[in-house]
Amino acid sequence: QVQLVESGGGLVQPGGSLTLSCAASSSIFSQVAAAWYRQAPGKERELVAQIFSGGTTKYINSVKGRFTISKNNAKNVVYLEMSSLKPEDTAVYYCTVPSQDSWGHGTQVTVSS
């Protein structure tokens with residue numbers, strides 16, 4: 001089972017930007033889909049963005065136009081570029097490979113002034 005490690009979270013002011021990274025332990029992203037989920041305090045975990053093996057992407061409505069998911073197959077990394085961040089984006093963000101039910105430990109994103 002692939003191991004996933006997220007990084008790049010932190011504290012940012014509203015309107016700011018962050019880029020999250022998800023490093024995999026094997027060359028998997030060229031073969032299967034990956035996704036970013038997030039879980040805010042007191043809320044259920046929700047799907048944020050997906051990227052499929054061929055590069056097709058999907059987003060939830062609340063992040064469309066602000067977030068971009070991408071990947072570098074050679075480096076085994078998936079990214080989530082986040083801009084125009086809002087306080088409601090505050091959550092722990094998780095990287096996952098759904099087909100293997102593999103999850104990282106998450107990285108905290110806090111949007112606050």
Side-chain angles (χ1 to χ4, degrees):
Q1 190 177 39
V2 66
Q3 304 299 313
L4 303 171
V5 179
E6 304 97 335
S7 61
L11 173 64
V12 63
Q13 292 187 341
S17 300
L18 279 177
T19 296
L20 306 183
S21 299
C22 171
S25 58
S26 63
S27 303
I28 196 168
F29 295 135
S30 62
Q31 304 168 46
V32 298
W36 285 95
Y37 279 70
R38 67 185 179 186
Q39 188 166 20
K43 295 187 177 181
E44 293 187 356
R45 192 171 295 188
E46 68 171 349
L47 174 64
V48 176
Q50 299 170 277
I51 186 163
F52 297 91
S53 56
T56 301
T57 58
K58 289 187 177 181
Y59 303 90
I60 57 172
N61 287 337
S62 61
V63 308
K64 282 182 181 177
R66 301 190 298 119
F67 290 13
T68 302
I69 188 170
S70 62
K71 61 178 179 173
N72 185 321
N73 290 334
K75 293 185 177 180
N76 305 326
V77 179
V78 170
Y79 304 98
L80 186 67
E81 297 175 68
M82 307 183 293
S83 62
S84 301
L85 283 161
K86 304 175 181 180
E88 51 263 44
D89 295 317
T90 295
V92 178
Y93 283 71
Y94 299 89
C95 175
T96 180
V97 174
S99 61
Q100 294 194 358
D101 197 23
S102 295
W103 293 82
H105 292 294
T107 185
Q108 175 71 47
V109 172
T110 303
V111 184
S112 175
S113 55

Review point. How long is the span from the OG atom in Ser30 to the CG atom in Asn76, to the nearest 0.5 Å?
Key: 8.0 Å
Review point. Going hydrophobic residue to hydrophobic residue with side-chain gaps under 4.5 angstrom, can you get from Val111 over to Tyr37?
Key: no
Review point. Same cluster for Tyr94 and Val77 if Ile/Leu/Val/Met/Phe/Trp/Tyr side chains link at under 4.5 Å?
Key: no
Point to revise | Transitive ILVMFWY side-chain link Val97 to Val5, under 4.5 Å | key: no
Review point. Does the side chain of Met82 reach to within under 4.5 Å of the side chain of Val12, using non-hydrogen atoms?
Key: no
Review point. Side chains of Trp36 and Ile51: does their closest heavy-atom pair fall under 4.5 Å?
Key: no
Check your understanding: How long is the gap from OG on Ser17 to CG on Leu85, to the nearest 0.5 Å?
Key -> 6.0 Å
**Study point:** Donor-acceptor under 3.5 Å (Glu6 side chain, Thr107 main chain)
**Key:** no
Practice item. Inspect the surroundings of CD in Glu44 and state if more than 12 heavy atoms from other residues, nucleotides or ligands are less than 6.0 Å away. Key: no
Review point. Do Thr56 and Gln50 touch side chain to side chain, with heavy atoms closer than 4.5 Å?
Key: no
Practice item. Using side chain to side chain contact (heavy atoms under 4.5 Å, CB included) as the criterion, point out the one residue from Val63, Leu20, Ile69 that pairs with Val48. Key: Val63
Check your understanding: Between CG of Leu11 and CD of Gln108, what distance do you get to the nearest 0.5 Å?
Key -> 9.5 Å
Practice item. May I ask you to decide if the ring planes of Phe67 and Tyr93 are parallel, tilted or perpendicular, using 30° and 60° as cut-offs? Key: tilted
Practice item. State, yes or no, whether a side-chain contact exists between Gln100 and Val32 at a heavy-atom distance under 4.5 Å. Key: no
**Study point:** same_hphob_cluster(Ile60, Val78) at 4.5 Å side-chain heavy-atom cutoff
**Key:** yes
**Study point:** Leu80 versus Ala49, closest heavy-atom pair with distance
**Key:** CD1-CB, 4.2 Å
Review point. Would you say the side-chain atoms of Lys71 pair up with the backbone N or O of Ala33, donor to acceptor, closer than 3.5 Å?
Key: no
Check your understanding: OG of Ser62 to CD of Glu88: how many Å apart, nearest 0.5 Å?
Key -> 8.5 Å
Check your understanding: Hey, does Asp89 have a side-chain heavy atom less than 4.5 Å from the side chain of Val109?
Key -> no
Practice item. Please name the pair of heavy atoms, one in Gly106 and one in Val92, separated by the smallest distance, quoted to 0.1 Å. Key: CA-CG1, 3.9 Å
**Study point:** Non-neighbouring partners of Glu46 that pass salt bridge (Lys or Arg N to Asp or Glu O under 4.0 Å), sequence neighbours left out
**Key:** Arg38
Practice item. Output yes when a side-chain donor or acceptor of Ser83 lies under 3.5 Å from a complementary backbone atom of Arg66, and no otherwise. Key: yes
Point to revise | Rounded distance [0.5 Å steps], CG in Leu47 versus OG1 in Thr96 | key: 9.5 Å
Review point. Less than 4.5 Å apart, any side-chain heavy atom of Asn72 and any of Phe29?
Key: no
Check your understanding: If you measure from OG on Ser102 to CG on Leu4, what distance do you get to the nearest 0.5 Å?
Key -> 5.5 Å
